[in-house]
Structure formats: structure tokens, C-alpha cells
Amino acid sequence: MVTEQRPKIIGREILRIDALTEREGHRMGKEWRKRTEARREALVWALHVLLTGDPTQSSGVAVERFLGVLKASAGAST
């Protein structure tokens, strides 16, 4: 059950980071921004590996499509 939820959990965290960056971006210091970007990149790569099973390729369409669906479903439920 937890395994099935991993992509959604990671995806929600990526979307949370995106919202935080959009909201607080102008107030983020250089180090905070760097840490946030590094965390997002790591989460995107982890999501890519979960979705595609291929750790050798960089993230791409699968991740963006998944995040788009997750964002739309989150918007529909609010």
C-alpha cells in the first residue's frame, strides 16, 4: 500500500516546493534557494525512477505529465 502511494507523496512534495518557491521566491536567500532547488531536483529524479524504472535517463515527459495530473486532481478536490 505504501509503495503505491510513493509517487503521489513525492509528487505532492514537488508541487509543495514549487508553490513555496513561487510564493516566497523573492524572499529566499541564496542558500535557501540552492537547498530548495537541490531538494526538488532529487525528488524529480526519484519520481522519474519510480515511474519509468530507468535511473540512467534524466527526467522528462513522464514526470511532467504525472505532476500535471496530480496538480489538476488537487485543484479539483479543493
Starting from Leu20, walk the hydrophobic network (Ile, Leu, Val, Met, Phe, Trp, Tyr; side-chain heavy atoms closer than 4.5 Å) and list everyone else you reach, by chain and number. Met28, Trp32
With salt bridge (Lys or Arg N to Asp or Glu O under 4.0 Å) as the rule and sequence neighbours excluded, what pairs involving residues 54-66 come up? none
Using links of under 4.5 Å between side-chain heavy atoms of ILVMFWY residues, direct or through other members, which residues join Leu15 in one cluster? Ile10, Ile14, Ile17, Leu43, Val44, Leu47, Leu50, Leu51, Val63, Phe66, Leu67, Leu70
The complete set of salt bridge (Lys or Arg N to Asp or Glu O under 4.0 Å) pairs with one or both residues in residues 37-51, sequence neighbours excluded, reads Glu13-Arg39, Asp18-Arg40
side-chain contact (heavy atoms from CB on, under 4.5 Å) partners of Glu31, counting only residues at least two apart: Lys34, Arg35
Any chance you could pull the hydrophobic cluster mates of Val49, using side-chain heavy atoms under 4.5 angstrom and chaining through other members? Trp45
Look up atom CZ in Arg27 and atom CZ in Arg33, then write down how far apart they are to the nearest 0.5 Å. 12.0 Å
